[in-house]
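No experiment lies behind these values; they were computed from the predicted model shown.
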Amino acid sequence: MLDIWRTFVRSKAGVVGLIMILLIVAAGLFAPLLTPYSPIEPNLSEALLPPSADHWFGTDDVGRDIFSGVVWGARTSMLIALATVVASTLIGLVVGMAAGYFGGWIDSVLSRMIEVFLSIPAFLFAILILAMLGASTTNIVIALTVTFWPISARLVRGEFIRLKERLFVEAARMVGVRPLAIMLREILPSAL
């Protein structure tokens with residue numbers, strides 16, 4: 001782990017990227033403390049102001065502070081990203097575990113399903129789902145989850161196929177450990 005960190009720190013682009021991500025996360029977490037103006041409340045008397053000491057990024061056509069909108073938007077973006085990553089990883093984990101461990105017709109059906117989802121362009125698929133469900137934070141998470149779970153599933157499936165024939169898994173089968181326990185306690189930690 002220490003070697004990975006040393007290699008990462010040597011990369012200037014990686015360090016700059018990490019600093020930018022940390023700044024965005026901090027801005028999102030501390031949005032109420034960083035922004036004196038509401039990101040949604042209009043103030044027509046301050047419409048279309050240029051950047052200044054009061055409004056760092058200026059104001060929009062109805063007088064909302066653009067900096068406040070960006071900072072509060074970072075908070076929403078982080079929420080959507082976190083929920084999407086968790087949901088798509090969990091779905092991909094379950095589907096990939098089942099396909100990789102059981103093999104046979106289960107693997108065939110689940111693999112074809114993964115391939116169908118991967119064959120559709122992700123951006124267009126997400127837009128199509130949002131057009132059907134309507135625009136909301138929850139629906140954005142659903143659309144992105146449906147779009148990205150096959151990536152996790154394919155990776156997990158490959159690892160489970162590789163690991164299910166190992167001796168420690170065979171030993172667990174021989175002593176009568178149930179398949180779910182083998183998947184969760186034996187293969188999953190190694191696959192991670």
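When all heavy atoms are compared, the tightest approach of Asn43 to Ser45 is OD1-OG, 2.7 Å. Summarising the geometry of Ala126 relative to Ala143, their closest heavy-atom pair is O-CB, 3.8 Å, with the distance given to 0.1 Å. The two residues Leu110 and Ala99 come nearest to each other via the heavy atoms CD1-N, 3.7 Å.
A side chain to side chain contact (heavy atoms under 4.5 Å, CB included) with Ile19 is found for one member of Val16, Leu22, Leu23 and no other, namely Leu23.
Grouping the Ile, Leu, Val, Met, Phe, Trp and Tyr side chains by contacts below 4.5 angstrom, directly or via other members, places Leu133 with Ile80. Val62 is not connected to Leu49 by any chain of hydrophobic side-chain contacts under 4.5 Å among Ile, Leu, Val, Met, Phe, Trp and Tyr, and they are in different clusters. Residues Leu144 and Ile129 share a hydrophobic cluster, clusters being chains of Ile/Leu/Val/Met/Phe/Trp/Tyr side chains in contact below 4.5 Å. Side-chain heavy atoms closer than 4.5 Å link hydrophobic residues (I, L, V, M, F, W, Y) into clusters, and following such links, possibly through other members, connects Met113 to Val146. Under the 4.5 Å side-chain heavy-atom criterion for grouping Ile, Leu, Val, Met, Phe, Trp and Tyr, Leu79 is not connected to Leu130 through any hydrophobic cluster.
In this structure Ala83 satisfies the side chain to side chain contact (heavy atoms under 4.5 Å, CB included) test together with Val141, sequence neighbours excluded. Phe30 meets the ring-ring contact (aromatic ring centres under 6.0 Å, His included) test with no other residue; sequence neighbours excluded. For Ile120, the side chain to side chain contact (heavy atoms under 4.5 Å, CB included) partners two or more places apart in sequence, or in a different chain, are Phe125.
The aromatic rings of Trp56 and Phe67 are tilted relative to each other, their planes meeting at an angle between 30° and 60°.
Taking 4.5 Å as the limit, every side-chain heavy atom of Val85 sits out of range of all side-chain heavy atoms of Phe148. Inter-residue side-chain proximity for Trp149 and Ile114 is flagged as met; some heavy-atom pair is nearer than 4.5 Å. You'll find the side chain of Arg75 reaches within 4.5 Å of the side chain of Pro32, heavy atoms only.
The backbone N or O of Val169 lies less than 3.5 Å from no partner atom in the side chain of Lys164, so there is not a single donor-acceptor pair. Using a distance-only test at 3.5 Å, with no hydrogens or angles considered, a donor-acceptor pair links the side chain of Asn139 to the main chain of Gly134. In this structure a side-chain-to-backbone donor-acceptor pair under 3.5 Å is present from Thr59 to Glu46. Side-chain atoms of Ser68 come within 3.5 Å of backbone N or O of Tyr37 as a donor-acceptor pair. A distance-only check finds a donor-acceptor pair linking the side chain of Ser119 to the backbone of Val116 [under 3.5 Å].
Around atom CG of Leu48, more than 12 heavy atoms belonging to other residues, nucleotides or ligands sit under 6.0 Å away. Within 6.0 Å of CE on Met132 lie more than 12 heavy atoms contributed by other residues, nucleotides or ligands.
Separation of atoms OG (Ser136) and CD1 (Ile142) is listed at 7.0 Å; rounding is to 0.5 Å. Interatomic distance, CE of Met78 versus CD1 of Ile24, reported as 9.5 Å (0.5 Å rounding). Note that CG of Asp65 is 13.0 Å distant from CD1 of Ile40, once rounded to the nearest 0.5 Å.
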Taking distance alone, no hydrogens or angles, what donor-acceptor pairs closer than 3.5 Å link side-chain atoms of residues 177-192 to residues at least two apart or in another chain?
none

Output side-chain donor-acceptor pairs under 3.5 Å for residues 150-163, partner residues at least two apart or in another chain, one line each.
| from | atom 1 | to | atom 2 | distance (Å) |
| --- | --- | --- | --- | --- |
| Arg157 | NE | Asp107 | OD1 | 2.6 |
| Arg157 | NE | Ser111 | OG | 2.9 |
| Arg157 | NH2 | Asp107 | OD1 | 3.4 |
| Arg157 | NH2 | Asp107 | OD2 | 3.0 |
| Glu159 | OE1 | Arg162 | NE | 3.4 |
| Glu159 | OE1 | Arg162 | NH2 | 2.7 |

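The stretch residues 108-125 participates, sequence neighbours left out, in these salt bridge (Lys or Arg N to Asp or Glu O under 4.0 Å) pairs: Arg112-Glu115.
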### Message
Is there a side chain to side chain contact (heavy atoms under 4.5 Å, CB included) between Glu165 and Glu170? Walk through the geometry before answering.
### Response
CA-CA 7 Å; Glu165 302 301 327; Glu170 290 294 327; 3.7 Å; yes
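Asp54 and Ser52 share no side-chain donor-acceptor pair at under 3.5 Å.
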